[in-house]
Every structure is written in C-alpha cells, then in structure tokens.
Amino acid sequence: MGGEALEAARREKLQKIRQLGLDPWGGRFDGHEPIARIRQREKEIRMVAPGDCQIGHPPQEQGPHVRAAGRIVLQRPTGKLLFLNIRDWTGQIQVLIGQRQVGEKNWAVAKCLDLGDLVGVDGELKHTKTGELSIFADALHFLCKSLEPPPAKFKGLRDPELRQRMRYLDLAYNEGVLERFLRRTKIVESIRRTLAGEGFVEVEGPTLHAIAGGAAARPFITHHNALDIDLYLRIALELHLKRLLVGGMERVYELGRVYRNEGISPRHNPEFTMLEAYQAYGDYRTMMDLAEKLIVEAIQATGQSLRLPWGEGEIDFTPPFARRTYDELLAEYAKVDPAEPASVVEGARRAGLETAGKHPDVVKNELFETVVTDQLAGPVFVMDYPAAICPLTKRKTDAPHIAERFELFIQGMEVANAYTELNDPDLQEELFRTQLAGLPEEESMARMDRDFIRALRHGMPPAGGLGIGIDRLVMLLTNAQTIREVILFPLLRPEQE
RNA sequence: GAGGCUGUAGCUCAGCAGGUAGAGCAACGGACUUUUAAUCCGUAGGUCCCGGGUUCGAAUCCCGGCAGCCUCACCA
C-alpha cells in the first residue's frame with residue numbers, strides 16, 4: 001500500500017471518530033500528569049485481599065487512578081484487548097484497553113487508533129500479569145489524529161537528511177533525541193544561573209552590524225531598504241559588549257546567535273550560539289575561573305558526574321582543568337624552540353606549511369593549529385598567545401610579544417576563548433590599521449571601527465572577556481559527535497518542489 | 001570550493017557478472033481479554049533521486065545534474 005493509501009486509511013478512521021461525535025483534532029485536556037511522575041507512583045500500588053483468602057480469590061493489586069496524555073508509539077491488539085505504548089516528553093508507559101472494561105463507545109474509539117495519534121487516558125495504575133507497569137484504561141480521550149505513518153517502530157528514522165529536515169519526527173520517535181535537546185536547555189539555563197550568581201547582567205546587542213567586527217570570519221550581507229545601506233549579520237558579540245563596559249555595565253553578557261558565512265562541517269553550522277561575558281577589573285585568569293565554573297555547574301545541572309562519556313572513551317571534567325602555555329605545547333608537539341623564529345619556520349616547513357611572505361606569528365599559529373590542537377584531549381587551558389594574531393587583547397606588561405589570551409580545548413575542539421581585554425585606544429587603533437602579512441582581509445580580525453575606538457577613548461575599565469561556543473559545549477556534555485545533533489534545525493539546502 | 005561514499009515501497013534495508021523488483025516493520029481483511037519489536041493466516045503497496053546515453057533489453061554500465069554524509073580547505 002503506497003503513501004496515498006496509507007493516508008486514506010487514516011482519513012477513514014478520522015471520519016469514524018467524527019461520526020462518534022468526537023473532534024479528531026482534540027482540545028484542552030486538563031489534569032494529566034507527566035508519564036515520568038506517573039511511573040513514580042508505582043509505589044502507591046497495594047495488595048488487597050478480597051475478603052478472606054480463599055482459593056480462587058487471590059489478593060489483587062489496587063493502584064492510584066491516573067490521567068496521562070501522549071503519542072501512540074506502539075500498538076498490540078489481541079482481540080478484545082489492546083495494548084498501547086504512549087510517550088510524552090518525560091517517558092513512556094503501557095496502556096491496557098479492554099473492550100469490556102472501557103465500554104462500547106471507548107472501544108469504538110480504540111479501534112480508530114493509529115500509531116502516531118495523540119491520546120489521553122484515565123485509568124488505574126497497576127501491573128499486568130507479566131509485571132509491566134500499565135494504565136488499565138477506563139476512559140479514552142482522542143486528542144489528535146496523525147495522517148502520516150510514523151517511521152519504522154524499531155529502527156526509527158535513520159536517514160540523516162530526513163532526521164534533519166523532519167526534526168519533529170526525529171524528536172518524536174528516535175530514542176534519546178528529545179532528551180538531548182532538553183539537556184541542551186538545561187545547560188543553557190545553568191549558564192544563565194551561574195552568571196546571574198556571579199552578578200552578571202544579560203543584554204541584547206544588535207544582530208545587524210554596519211561593521212562585522214570582533215572575529216575573523218566572512219559575514220552574511222543583507223540590505224536595509226529605508227536607509228538604503230548594506231548591513232552584516234554579526235559574527236561576534238564582542239565590540240558592543242565592550243561599549244557597555246565603557247557605559248558602566250561592570251559585569252555583562254550576551255548569549256545569542258552569531259552568523260558566519262563559512263563552510264558546514266560536523267563542527268560548524270553557519271549560525272551558532274555564542275556566550276560572551278565581560279567583567280570589569282578582571283583579567284584572563286578571572287575568566288579562566290569563570291569558564292571552569294560555568295562548565296562544571298552545567299554538567300551538574302544535567303545530573304551527570306564530571307566524568308562524561310565521549311565516543312568510546314570519556315572526558316574528565318574534574319577541576320581544576322590543566323593550564324599550559326602556548327609556547328610550552330608548541331615546543332612539546334612541534335619539537336621547535338618557540339622563541340626562535342627560525343626554528344619555528346623550520347618546524348612549519350617540516351609540517352608541510354607554506355611560510356614565505358607570512359608574519360612570524362602567523363606561521364607560528366599555523367604550525368600550532370596543524371600540530372598541536374588535534375592532540376589536546378583536554379580539558380586544557382592554552383595560555384599566552386603570540387600577540388600579533390590577537391588584535392583585541394592586552395599584551396603582557398613585561399613581554400609585549402605575548403597576549404594575555406587563553407583558549408579552552410577539549411577533544412581538539414576550541415570551546416572557549418578569552419582575553420584580558422585591550423583598553424588602550426591608541427594601540428587598538430594601530431592594531432586595527434595593521435594588516436598582517438600573509439592574511440587576506442576577510443581572515444583578519446583587524447577591521448577599523450571608529451566608534452569603538454572613540455568608546456575606548458572615553459575609558460573602558462580593564463577587564464576580562466570570555467567567549468564560549470555553546471553548541472560545541474553541548475556536544476561535549478551530551479556525547480554528540482556532530483554539531484547537527486545539538487542544533488534543532490541545522491542549515492540544509494531547501495527541498496526542491 | 002575539491003575528492004570519496006550514498007540515494008530502491010510510508011520507514012529500515014536487500015537486489016547491481018544487464019533479463020523487466022524483494023524482505024521486515026507499517027497498512028488493509030480475518031483469529032485472539034495479559035501483550036510488550038505480540039503471534040498466526042491472507043491481501044495490497046514502486047517515477048528503483050532526476051535527465052541523457054550504451055544495449056534487443058538498464059535499479060544494475062557510462063555521462064550530466066540534484067540532495068545527504070565523510071574527508072580536506074575556510075571557520076568556532
């Protein structure tokens with residue numbers, strides 16, 4: 001039977017439901033408990049002896065009367081008895097519907113049920129002969145017809161394209177998918193709670209920028225008609241949050257979407273969620289402590305231990321996370337002397353990198369990203385970056401070639417990035433002006449933003465700033481090997497008609 | 001953007017030395033008041049991703065396109 005015939009069969013049942021005087025699209029349904037909570041009421045079940053204990057009158061269970069609502073995910077009809085498994089967003093439970101027990105009208109409804117329909121159930125919670133906790137229905141409430149057949153009941157929806165295009169089906173039927181996205185929500189809630197506890201305030205900056213600054217990435221371009229100007233979707237939150245530091249918001253953060261017009265991969269989606277937090281009178285070490293706290297509390301909020309499964313192995317998030325310097329790691333993995341440009345160039349050549357015409361710090365960083373980052377299982381804070389590749393970061397007072405920056409690496413992924421923020425307007429202006437040799441313009445963070453310089457000239461408090469890639473953090477905390485598993489609707493080419 | 005892999009029933013997948021398409025689940029009809037991926041009997045269901053080509057004959061071979069996945073590049 002093809003798709004049309006499958007739908008026709010369901011529409012026929014929809015008509016029968018109408019003929020029974022019921023709305024096949026349901027309506028308000030009050031007083032039902034989440035299935036997980038109903039399952040907890042198992043302990044209220046009591047054994048009751050009917051009078052005296054005689055042969056033929058064994059003790060019987062008596063359980064609480066419960067009301068549930070959910071989607072039918074499995075159906076087992078056995079003559080005048082029907083077993084359903086219904087699922088809501090907290091769990092699943094078996095429902096037993098007997099023709100004699102529910103009466104003729106309810107039984108007529110039961111015969112119209114298809115996999116995927118939404119139903120409400122009233123009944124007694126107790127065990128079947130085989131010991132399965134079940135709701136023994138005494139009333140059925142039809143809540144919504146599903147006109148489309150669900151995916152295969154055991155294997156589910158496997159095709160990665162269909163899983164993304166029809167995320168509703170992925171969520172409704174595939175084991176663990178809804179749970180992972182609910183866990184993402186808990187992580188984000190925990191981050192907000194932690195920041196609030198530390199005295200941060202949340203703000204909303206503009207997403208349409210005249211200058212796409214604060215990071216090195218190609219922006220999406222759009223157009224405002226009334227002003228007749230091109231605008232960019234933001235690629236970072238940084239420069240507006242720092243303006244707010246100037247304005248006196250001493251602890252401020254934004255948790256929101258940024259957009260980068262770059263490739264798509266298991267670790268990249270063109271729009272993704274970023275946290276940026278800025279703390280006046282702090283520095284990058286302050287931010288290190290904050291990053292650690294945000295992550296540890298997020299893990300605790302999901303009810304997990306600090307040793308999390310990751311693929312075949314696990315990640316140990318027990319604080320304190322390792323702290324290593326950039327040069328130390330470069331020396332260890334690339335076998336070069338980080339202080340000697342000639343040694344670094346030699347190492348880069350060994351790694352097969354093109355070095356001609358490139359700034360020494362650009363070469364150094366390409367070598368670092370080629371040889372070191374993949375090896376960092378972490379969590380590890382990599383500290384003290386070459387200054388030339390960090391145009392928004394304060395330099396070390398006693399070592400101006402080193403920027404007070406760290407990145408947090410976990411499983412080779414850059415999860416967080418933090419600076420002691422540069423607040424010297426003259427140096428900032430100079431760095432915006434300097435285009436590093438070997439870097440095309442769109443790959444540079446150096447984009448002149450005159451208003452931002454003006455803001456710095458009015459005095460930005462010394463500060464620490466932290467950015468966290470929320471999607472990647474959620475990947476690590478939910479054992480998701482691709483970013484698409486933690487973004488509800490990742491970018492796909494539109495379906496063709 | 002480059003290379004590799006994949007695309008067959010509503011879903012999950014077989015079939016690909018070229019001979020006219022198959023299973024499981026779902027669906028439909030029948031039996032069944034304790035099943036749990038229920039079971040048993042029966043029925044029906046296809047633009048083999050799209051477009052060309054080779055051939056007597058193409059799901060299968062060739063070319064082009066579309067979509068997804070993986071790797072690489074850019075990026076977080």
Side-chain angles (χ1 to χ4, degrees), chain A residues 1-10 12-13 73-85 92-102 107 114-116 126-134 136 146-166 169-170 173-174 214-219 235-236 258-276 369-370 373 407-410 412-417 439-440 442-443 445 467-473 475 481-484 490-497:
Chain A
M1 193 180 288
E4 285 165 28
L6 292 173
E7 183 184 332
R10 283 166 179 258
E12 209 172 294
K13 290 177 192 167
V73 293
L74 282 175
Q75 205 178 11
R76 289 176 297 281
T78 68
K80 298 183 172 59
L81 199 57
L82 172 64
F83 294 90
L84 301 178
N85 287 31
Q92 224 186 101
I93 196 162
Q94 175 169 274
V95 176
L96 182 151
I97 302 165
Q99 181 175 13
R100 204 169 56 231
Q101 292 83 341
V102 297
W107 187 248
D114 281 306
L115 291 177
K126 53 185 184 179
H127 298 98
T128 59
K129 270 183 191 171
T130 53
E132 177 80 16
L133 185 66
S134 308
F136 286 65
S146 169
L147 293 175
E148 297 279 350
K153 66 186 180 189
F154 188 56
K155 298 234 178 182
L157 192 65
R158 289 288 181 80
D159 185 326
E161 181 175 353
L162 297 183
R163 286 189 54 213
Q164 293 172 73
R165 285 198 197 284
M166 299 193 279
L169 286 185
D170 192 34
Y173 293 101
N174 282 346
R218 267 174 276 263
I235 59 171
V258 298
Y259 305 85
R260 297 188 182 176
N261 206 339
E262 309 277 359
I264 297 173
S265 87
R267 293 175 174 195
H268 300 89
N269 193 61
E271 54 178 311
F272 63 103
T273 303
M274 181 99 107
L275 165 71
E276 288 196 28
E369 288 180 353
T370 306
T373 57
E407 295 196 336
L408 173 62
F409 281 89
I410 307 173
M413 271 195 285
E414 184 198 331
V415 174
N417 182 19
L439 275 185
E442 67 268 20
E443 287 174 29
M445 273 194 229
I468 294 182
I470 297 298
D471 311 271
R472 288 182 171 184
L473 180 64
M475 284 172 68
Q481 306 297 314
T482 109
I483 202 166
R484 292 182 297 269
L491 186 67
L492 286 177
R493 279 186 195 274
E495 257 177 297
Q496 292 170 309
E497 283 308 313

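Scope of the values below: all heavy atoms of this structure, side chains included, with no hydrogens, waters or symmetry mates. Predicted model, so just to flag it, every value in this text is computed and none were measured.
When the nucleotides B/A38, B/C69, B/U33 are ranked by their closest atom to the side chain of A/Pro77, B/A38 comes out on top. The side chain of A/Leu96 has B/U34 as its nearest neighbour among B/U34, B/G24, B/A26. Comparing B/U12, B/A27, B/A37 by their closest approach to the side chain of A/Phe154 singles out B/A37. Relative to the side chain of A/Phe136, the nucleotides B/C28, B/U34, B/U12 differ in distance, and B/U34 lies closest.
Residue A/Arg76 places at least one side-chain N or O under 4.0 Å from the OP1 or OP2 atom of B/A38. Remark: A/Lys153 is in phosphate contact with B/A26, judged by side-chain N or O atoms under 4.0 Å from OP1 or OP2. For the pair A/Gln164 and B/C69, the criterion of a side-chain N or O lying under 4.0 Å from OP1 or OP2 is met. Look at A/Arg484 and you'll find a side-chain N or O under 4.0 angstrom from OP1 or OP2 of B/C69.
Proximity of a side-chain donor or acceptor of A/Arg218 to a complementary backbone N or O of A/Glu262 within less than 3.5 Å is not detected. A donor-acceptor contact shorter than 3.5 Å is absent between the side chain of A/Gln75 and the backbone of A/Asp114. Looking at A/Ser146, its side chain does come within 3.5 Å of a backbone N or O of A/Glu148 through a donor-acceptor pair. In this structure, A/Asp471 contributes its side chain and A/Thr273 its backbone to a donor-acceptor pair below 3.5 Å.
B/C32 atom P lies 13 Å from atom CG of A/Leu81, rounded to whole Å. At whole-Å resolution of the value, CZ in A/Phe83 and P in B/A37 are 12 Å apart. Here the C1' atom of nucleotide B/A38 and the CD atom of A/Gln94 are 10 Å apart, to the nearest Å.
Nucleic acid contact class of A/Glu414 (heavy atoms, under 4.0 Å, all strands): sugar-phosphate only. Backbone-only engagement by A/Lys13 is indicated by non-hydrogen atom pairs under 4.0 Å involving sugar-phosphate atoms exclusively. Counting any heavy atom pair closer than 4.0 Å across all strands shown, A/Lys129 reaches a base atom. Across all strands, A/Gly469 comes closer than 4.0 Å to no nucleic acid atom at all (heavy-atom distances). Residue contacts shown for A/Arg163 are absent, as no nucleic acid heavy atom lies under 4.0 Å away. Among the heavy atoms of the strands lying under 4.0 Å from A/Pro266 are primed sugar atoms or P, OP1, OP2 only; no base atom is included. Looking at heavy-atom distances under 4.0 Å, A/Arg260 makes contact with a base. Residue A/Gly467 is classed as having no contact, given no heavy-atom separation below 4.0 Å to the nucleic acid. Backbone-only engagement by A/Leu74 is indicated by non-hydrogen atom pairs under 4.0 Å involving sugar-phosphate atoms exclusively. Base engagement by A/Gln101 is indicated by at least one non-hydrogen atom pair under 4.0 Å involving a base atom. A/Arg100 comes within contact range of at least one nucleobase, with a heavy-atom separation under 4.0 Å. Within 4.0 Å (heavy atoms only), A/Asp159 reaches sugar-phosphate atoms of the nucleic acid but no base atom. If you check every strand for non-hydrogen atoms under 4.0 Å, A/Asn174 touches nothing. Residue A/Leu492 is classed as a sugar-phosphate contact, given heavy-atom separations below 4.0 Å to backbone atoms only.
To the nearest whole angstrom, the two P atoms, one in B/C28 and one in B/G22, are 24 Å apart. B/C11 and B/G1 have their P atoms separated by 29 Å, with the value rounded to a whole Å. Between B/U60 and B/G19, the distance separating the two P atoms is 11 Å to the nearest Å. B/G46 and B/U35 have their P atoms separated by 37 Å, with the value rounded to a whole Å. Distance check on atom C1': B/C49 versus B/C40 gives 38 Å, rounded to whole Å. When the C1' atom is used for both B/A26 and B/U43, the distance is 15 Å, rounded to whole Å. Remark: the separation of the P atoms in B/C61 and B/G18 is 8 Å, to the nearest Å. Nucleotides B/G53 and B/C5 place their P atoms 25 Å apart, quoted to the nearest Å.
Applying the salt bridge (charged side-chain N to carboxylate O under 4.0 Å, His left out) criterion to A/Glu414, with sequence neighbours excluded, gives no partner residue. Here A/Glu271 pairs with A/Arg257, A/Tyr259, A/Asn269 under the side chain to side chain contact (heavy atoms under 4.5 Å, CB included) rule; sequence neighbours left out. Residues passing the side chain to side chain contact (heavy atoms under 4.5 Å, CB included) test with A/Pro77 are A/Leu82, sequence neighbours excluded. Residues satisfying the side chain to side chain contact (heavy atoms under 4.5 Å, CB included) criterion with A/Leu492, sequence neighbours excluded, are A/Gln164, A/Arg165.
In this entry B/U47 has no Watson-Crick or G-U wobble partner, no candidate having both defining distances under 3.5 Å. Applying the Watson-Crick and G-U wobble criteria (two distances, each under 3.5 Å), B/C56 pairs with B/G19. Across the strands present, B/C5 finds its partner in B/G68; the criterion is a Watson-Crick or G-U wobble pair with both atom distances under 3.5 angstrom.
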Only pairs under 3.5 Å count here: list side-chain donor-acceptor contacts from residues 151-159 of chain A, not counting sequence neighbours, and write none if there are none.
| unit_1 | atom_1 | unit_2 | atom_2 | d |
| --- | --- | --- | --- | --- |
| A/Arg158 | NE | A/Lys155 | O | 3.3 |
| A/Asp159 | OD1 | A/Glu161 | N | 2.8 |
| A/Asp159 | OD1 | A/Leu162 | N | 3.4 |

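A pairwise comparison of heavy atoms in A/Trp107 and A/Gly79 identifies CZ2-O, 3.6 Å as the closest pair.
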Quick one: which protein N/O atoms are closer than 3.5 Å to N/O atoms of nucleotides 1-3 of chain B? Pair and distance per line, please.
none

